Amino acid sequence: MISNKYYNRAYVIGGIVIAVALIFIGRLFYLQVIDSSTKDKADGNALVRQPIYPSRGLIYDRNDSLLVFNQSVYDVMVVVREMKSGFDTLSFCEALQLTRDQFEARMNEVTNRNRNRGYSPYTPQLFMSMLTKEDVANLQEQLYSFAGVSVRKRTLRDYRYPAAAHIVGSVGEVNRKDLERDNYYIIGDYSGRDGIEKQYETYLRGQKGVEVLMRDSKGRIQGSYHNGELDYPAQSGTDLHLTIDIRLQLLAEQLLSGKMGSAVAIEPSTGEVLAMVSAPAWDPHTLVGRQRSKNYTALLNDSHKPLMNRAVQAQYSPGSTFKLIQSLVGLQTGAIKPTTMYGCNGKLSQPIRCTHSHGSPVSLESAIEQSCNPYYWQAYRDILEQHGYGPRNATFRRTYDSWRDMVVSFGFAGKFDSDIRDQATGSIPRAKTYSKIYGETGWRAITIRSLSIGQGEIQVTPLQLANEAACIANSGYYLTPHLVRPLPDMPKVVRHRTMVDSVHFGVVKRGMARVMTNGTGRHYSVPELNMCGKTGTVQNSHGKDHAIFIGFAPLDNPKIAVAVVVENAGFGATWACPIATLMMEQYLTDSISRPELFDHLSNTQLITP
Amino acid sequence: MYQGSTNTRNSIWQGIDWFTIALFLIISLIGWVNIYGACYTFEQSSIFSFSNPAGKQFVWIMSALVLGFVILLIDEKVYDVLGYIFYAIVIVVLLVTPFLAHDVKGSLSWISLGPISLQPAEFAKCFTAIAIAKYMSRYGYEVRSWRDLVVPAMLMAVPMLIIMVWQRETGTALVFAAFILVFYTQGMSGKILGYGFLAVAVVVLVLKLQIIPDEWLSKVFQPHQKARIEVVLGIREDPMGYGYNVAQSLIAIGSGRFLGKGYLQGTQTKLSFVPEQHTDFIFCTVGEEWGFVGTFIVIALYVTLIIRILMLAQRQRDTFSQIYAYSVACILLVHFTINIGMVLGLLPVIGIPLPFFSYGGSQFWGFTILLFILLRLDGSRVNKLY
């Protein structure tokens, strides 16, 4: 044995073991032999822990108009083990207006472990769900006579308007993944499945309460345990204020009904999204209650893909609306000046022909007004070639990438770090990508000439287009677009500068104003509102051209920036522009002066329902 | 002829402490039977059925026996020689775990390997014990002042902190405090032990009385950590209802009375759905179905096991084995104290298992490795010449 002067310390540890054991045995002796109160409690009484569900936070629009609220529904729960002895099935069926067969069928479903995974005869199981107050009134009166049956009150969502479904999202039952990830949930709980409901779930859901009740051997509730010592009250969810203006949202949804497309409006000074529409949409009422899964499946299988939020997930080439970006980058790099003139040969122009007839040569302002393709091809060539091509095309490729960086600074080719869910990134190829296709030396400005007019490999989302309009309205910066007014514990909205200095924006804005007075947008403008805009008509491989419009108003101190896309509709000037001008007018004046235009547009069906 | 040089190795089976093995088997068997009881519903018939956790526990026990047998065959010198390497590997695994882990109720300590989930933290105790034993058994090492304990304390603290902060598994991390008792057996001043207890008491008291302003605590702790501490100290009730669990547990144990309700006859532990029934709260099933007699026997078995291991520790001939043996005893003591103390409502709810008893493969394997390495070290002590 090794000599160890601390040999005796093992006895100290042993002493601790004995002491702990004696304390435990003393405690057990008290609980199991002396104290008989626990026996009384257990002798037939068992504790039931009933969750108290808080009411979910309400959702308002920017003008405090209530959009989303709660309605009460009732679930009937059964504890199968307690129902067996002398259960009066007949009066139970009567109270719920069920036939005997329906009752048996439902019971079989409840007790079948394959269909009801969480089944246990000892715990409350969902027998019928989402009944109205009237449905359960009879049952509740005689509840005392049905052992093992309880009624649970729940709240479901309800909506003031049949609108904003993509924004708000819906609430549904939690799945197994949610249960694993967050121990707040128990089987049968509801949580936000998409949209704002999902994004702000932890705010909206509040905090469940618990009520500990005692019940007797027949399963009847006897009252609260220990005078409610273990109970916690539920805490209601936090109310949210959307940045959406519901009147503008409703107008835009009506204008886009029967079409495929989207509209986004942003307040440039704050980044607040005023309206975000994706068409076709659905009535949010249809995804509530017992019809939810059936209706959801129908939406999922709809060939027009209504569940897709086109405003942030659809990606298009920006077409002529991209010419505004080309102008700004051209001015910033010094490749063009406001006075620079380029020639235009109309339909005979090479390599890109002009689709409008106007004088030649044209300056920047007129080029925006007339959407002159040859001007932009030449300007783009001068942007990319201003430092030459260099050895092995290296200078050119560098110039291309710095052009790309400037474009990206407007919020393109990336997602906004925001509460807007499921954003697509869009894309603007890097020089690397073209080098992969053509070889490092195999591509020049002429190779990618479609980019000059916003065609080709550029992909943007309608949200990014609206943000582009906001950048121009702000003369060089944007605030992250968002849907909910931040609560005190949320991060502040971030301001992003574009890489184009504010001095260059004046001429572009003047050009956009001229679009609405003399150019492609002149037919649908409201002159006293000083609107600025740019139309776009985007060729695509899936049928007719997409109509695009971006704009803002008024010219000085803009209050609203919009982007509208109508898929496979034709000219931007004919379809997207009037929708956008009606939206701007509605937001700025709270009325529309052209009801016949509104009726015409909202009644036009471009898709077969 | 010089007799000593023959040094023929005794068969390993002769040196094995069969008494400990018997205790281990009895405790595991009682645990298994009670897991079945805790999860028993009348539709299920077989204790081997996988639909009851007892069926899975049977597989864990059987595989652990094979594991234990293998450990007995491995040369015991491996642990002393490779101690630090084992320790380093365990630390790396602990660090990597949260990246591979799936989030189980806020904790990032579980890794899935096909159909089974393992918790590496359960294995870390054993290899930390080996590393500490290796360091403290160095030639000439002696605890003269607190400086001599810096390295062993670090060896203890590193896995503890990783498990607590990085894997967010506070209960398992707290078990590493058992090594403070081990330091005591090696000469750490009893005063330090006393001060340690005192310091814990003061910290608990200060937090409990909420003397420190809330804003200060919020700066040091994340909200969820702060909430957890408050739950453990009983300042805030956990909304998921640990208070409810303990109340249920006390009623269940109390209703067992002197002789218990009989095996599989406990209604209290079944009539309401308590998720930890077969894991951390298994002891209340014993209380309900086997009564005071049952709980007394189970406690007596643990006391016997731990004291037996302390005796093994005393009879070791080399310091490495001795320190390791003390480590095993102290780890089991801490688990035993915290788990049953929690079930009896004497200690705050800290989710750690009852060794060899609660349902769970990781803990069963972890404790089996811990114990069988000791049995191997002890079994070969007769071959060591001094």
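Naming convention: chains lettered A, B, ... in sequence-line order (proteins, then strands); numbering from 1 in each chain. Computed from a predicted structure; not experimentally measured.
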Novice: Which answer fits B:I299, side chain, backbone, both or neither, if we ask what part of it has an atom under 4.5 Å from a heavy atom of chain A?
Specialist: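 Side chain only.
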
Novice: Taking all heavy atoms of A:Y6 and all of B:T185, pick out the closest pair and write down the distance.
Specialist: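 Closest approach of A:Y6 to B:T185, heavy atoms only: CB-O, 3.4 Å.
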
Novice: Can you check whether B:L181's main-chain N or O pairs, donor with acceptor, with A:R9's side chain at less than 3.5 Å?
Specialist: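 No; judged by distance alone, with no hydrogens or angles, the pair does not exist.
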
Novice: Okay, side chain of B:R257, backbone of A:L31: is any donor-acceptor separation there less than 3.5 Å?
Specialist: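 Here the side-chain-to-backbone pair exists.
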
Novice: Please classify the contact between B:Y302 and chain A as side chain, backbone, both or neither, with a heavy-atom cut-off of under 4.5 Å.
Specialist: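 Neither part, no heavy atoms under 4.5 Å.
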
Novice: Can you tell me which of B:F296, B:F336, B:Y184 forms the most heavy-atom pairs within a distance under 4.5 Å of chain A?
Specialist: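 Between B:F296, B:F336, B:Y184, the count favours B:Y184.
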
Novice: Tell me which of these, A:V20, A:V12, A:V33, A:L28, has more heavy-atom pairs under 4.5 Å with chain B than the rest.
Specialist: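 Top count of heavy-atom pairs under 4.5 Å with chain B: A:L28.
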
Novice: So do B:L250 and A:R27 actually touch side chain to side chain, heavy atoms under 4.5 Å?
Specialist: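 Yes, at least one pair of side-chain atoms sits under 4.5 Å.
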
Novice: Please look at B:L344 and chain A and tell me whether the side chain, the backbone, both or neither of the residue comes under 4.5 angstrom of a heavy atom of that chain.
Specialist: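 The answer is both parts of B:L344.
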
Novice: For residues B:Q314 and A:A10, report the shortest heavy-atom separation together with the two atoms involved.
Specialist: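 That closest heavy-atom pairing would be NE2-CB, 3.4 Å.
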
Novice: Look at the side chain of A:Q32 and the backbone N and O of B:G256, then say whether any donor-acceptor pair between them is shorter than 3.5 Å.
Specialist: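 No: the side chain of A:Q32 does not pair with the backbone of B:G256.
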
Novice: Can you tell which part of A:F29 gets under 4.5 Å to a heavy atom of chain B, answering side chain, backbone, both or neither?
Specialist: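 For A:F29, the contact with chain B is made by backbone and side chain together.
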
Novice: Starting at CD1 of B:I306, measure out to CD1 of A:I18 and round the result to the nearest 0.5 Å.
Specialist: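 Going from CD1 on B:I306 over to CD1 on A:I18, the span is 10.0 Å.
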
Novice: Give a yes or no on whether A:D417 atom CG has more than 12 heavy-atom contacts from other residues, nucleotides or ligands under 6.0 Å away.
Specialist: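 No, because the 6.0 Å sphere around CG of A:D417 holds 12 heavy atoms or fewer from other groups.
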
Novice: What is the minimum heavy-atom distance between A:F24 and B:G341, and which atoms define it?
Specialist: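 For A:F24 and B:G341, the tightest heavy-atom pair comes out as CZ-N, 3.4 Å.
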
Novice: Pick whichever of B:G260, B:A313, B:G291, B:C330 has the most heavy-atom pairs under 4.5 Å with chain A.
Specialist: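 Most heavy-atom pairs within the cutoff with chain A belong to B:G291.
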
Novice: I need the minimum non-hydrogen distance between B:V303 and A:A21, along with the two atoms involved.
Specialist: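 It is CG2-CB, 3.3 Å.
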
Novice: Hey, is CE on B:M311 packed in by over 12 heavy atoms from elsewhere, all under 6.0 Å?
Specialist: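 Count not over threshold, so no.
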
Novice: For B:L346, which atoms come within 4.5 Å of any heavy atom of chain A: side chain, backbone, both, or neither?
Specialist: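 Only the side chain of B:L346 comes within 4.5 Å of chain A.
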
